[in-house]
Enquirer: 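Below you will find the structure I want to go over with you.
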Amino acid sequence: MTTPEPGPVRNSGRTSDLPDGPGVPVPEHGAWLRRGISRNGGPLVEDREVVWLQAGTYYADSRGFAGTTSFDGTRVHFHHLTGEPGEDAGTFRWDGANLVERGTNPDGGTFLEIWTPLAGAEGSCGSWSGPDHHVVRVGRHVVHVDPRAGSYWRL
């Protein structure tokens with residue numbers, strides 16, 4: 001596993017300083033590093049490296065789930081097709097180059113996540129699935145998800 005190179009973070013780290021309201025769709029092509037998460041209104045922290053790749057309507061998250069996204073005009077729905085079961089939904093807002101996501105997990109808990117774009121997302125992208133795995137590539141970034149785990153590589 002390679003540690004990604006994050007971009008800048010503009011917000012103060014206080015969840016009250018982050019935008020709220022109706023959301024925007026996720027970019028169709030992107031590689032993102034999570035810079036922080038707040039669970040159920042708690043403090044914004046980062047406890048591990050998390051990378052999310054989006055190629056068209058297909059996504060893969062290095063935490064161990066992948067599938068498709070849809071946008072209902074306000075919220076983005078992450079339909080988990082491989083790995084961790086369920087669906088989560090959230091609103092996305094831009095904060096400079098970062099994406100701020102507020103949402104609900106399959107267990108009903110709430111979250112706020114800050115996503116910073118990763119350098120090296122230009123170039124080839126695509127999504128491949130098999131009976132027990134899903135792979136998404138965006139530029140130099142690849143996330144593989146199977147029933148056991150998610151893995152991230154930088155090419």
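Worth knowing before you read on, the calculation uses all heavy atoms, side chains too, and leaves out hydrogens, waters and symmetry mates.
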Enquirer: After noting the C-alpha distance and the side-chain angles of Glu113 and Arg63, does the key distance pass the salt bridge (charged side-chain N to carboxylate O under 4.0 Å, His left out) rule?
Expert: CA-CA 14 Å; Glu113 292 176 292; Arg63 288 173 282 189; 3.0 Å; yes
Enquirer: Report the C-alpha distance between Asp61 and Val145 in whole Å, list the side-chain angles of each, state the deciding distance to 0.1 Å, and finish with yes or no for side chain to side chain contact (heavy atoms under 4.5 Å, CB included).
Expert: CA-CA 8 Å; Asp61 187 302; Val145 175; 6.0 Å; no
Enquirer: List the steps and the verdict of side-chain hydrogen bond (donor to acceptor under 3.5 Å, both in side chains) for Ser127 and His134.
Expert: CA-CA 7 Å; Ser127 174; His134 194 97; 2.8 Å; yes
Enquirer: Are the side chains of Leu81 and Thr68 in touch, meaning some heavy atoms are under 4.5 Å apart?
Expert: yes
Enquirer: Which value, rounded to the nearest 0.5 Å, describes the distance between Ile114 atom CD1 and Asp95 atom CG?
Expert: 7.0 Å
Enquirer: Set out, in order, the CA-CA distance, both residues' side-chain angles and the distance that settles side chain to side chain contact (heavy atoms under 4.5 Å, CB included) for Arg137 and Leu53, then state yes or no.
Expert: CA-CA 7 Å; Arg137 176 182 178 183; Leu53 302 181; 5.8 Å; no
Enquirer: Inspect the surroundings of CD in Glu28 and state if more than 12 heavy atoms from other residues, nucleotides or ligands are less than 6.0 Å away.
Expert: no
Enquirer: Is there a donor-acceptor pair closer than 3.5 Å between any side-chain N or O of Asn105 and the backbone N or O of Asp107?
Expert: no
Enquirer: Measuring only between side-chain heavy atoms, which start at C-beta, is Tyr58 closer than 4.5 Å to Cys125?
Expert: no
Enquirer: Taking side chain as C-beta onward, heavy atoms only, is Val51 less than 4.5 Å from Leu118?
Expert: yes
Enquirer: Whether the side chain of Glu84 engages the backbone of Gly86 through a donor-acceptor N/O pair (distance < 3.5 Å, no angle test) should be reported.
Expert: no
Enquirer: State which residue, out of His79, His144, His80, fulfils the ring-ring contact (aromatic ring centres under 6.0 Å, His included) condition with Phe65.
Expert: His80
Enquirer: With the threshold set at 4.0 Å, does a side-chain nitrogen-carboxylate oxygen contact exist between Arg75 and Glu87?
Expert: no
Enquirer: Return the minimal non-hydrogen interatomic distance between Pro85 and Pro106, and the atom names on each side.
Expert: O-CG, 4.3 Å
Enquirer: Apply ring pair (Phe, Tyr, Trp, His ring centres under 6.0 Å) to the pair Trp52 and Phe92, showing each step before the final yes or no.
Expert: CA-CA 14 Å; Trp52 155 45; Phe92 281 85; 5.6 Å; yes
Enquirer: Do Thr69 and His77 come close enough that some side-chain heavy atom pair is under 4.5 Å?
Expert: no
Enquirer: May I ask you to test the Asp132-Thr82 pair for a side-chain heavy-atom distance under 4.5 Å?
Expert: no
Enquirer: Is the shortest side-chain heavy-atom distance between Pro117 and Asn98 below 4.5 Å?
Expert: yes
Enquirer: Decide if the gap between the ring center of Trp115 and the ring center of Tyr59 is smaller than 6.0 angstrom.
Expert: no
Enquirer: Between Thr104 (side chain only) and Gly108 (backbone N and O only), is there a donor and an acceptor less than 3.5 Å apart?
Expert: no
Enquirer: Can you tell whether the side chains of Arg34 and Asp47 come within less than 4.0 Å, N to carboxylate O?
Expert: yes
Enquirer: Applying side chain to side chain contact (heavy atoms under 4.5 Å, CB included) to Thr116 and Trp32, what does each step give before you reach the verdict?
Expert: CA-CA 5 Å; Thr116 299; Trp32 304 90; 5.7 Å; no
Enquirer: Yes or no on side chain to side chain contact (heavy atoms under 4.5 Å, CB included) for Val142 and Val135, after CA distance, side-chain angles and deciding distance?
Expert: CA-CA 7 Å; Val142 177; Val135 178; 3.8 Å; yes
Enquirer: Distance from Ser124 atom OG to His29 atom NE2, nearest 0.5 Å?
Expert: 9.0 Å
Enquirer: With heavy-atom distances below 4.5 Å as the criterion, would you say the side chains of Val143 and Ser151 are in contact?
Expert: no
Enquirer: Compare every heavy atom of Ala89 with every heavy atom of Phe111, then report the nearest pair and how far apart it is.
Expert: CZ-O, 4.4 Å
Enquirer: Hey, is the main chain of Ala119 close enough, under 3.5 Å, to the side chain of His141 for a donor-acceptor pair?
Expert: yes
Enquirer: Does a donor on one side chain and an acceptor on the other come within less than 3.5 Å for Glu101 and Thr91?
Expert: no
Enquirer: So which atom in Val138 and which in Gly30 form the shortest heavy-atom distance, rounded to 0.1 Å?
Expert: CG2-O, 3.6 Å
Enquirer: Return the minimal non-hydrogen interatomic distance between Pro25 and Val76, and the atom names on each side.
Expert: CA-CG2, 4.2 Å
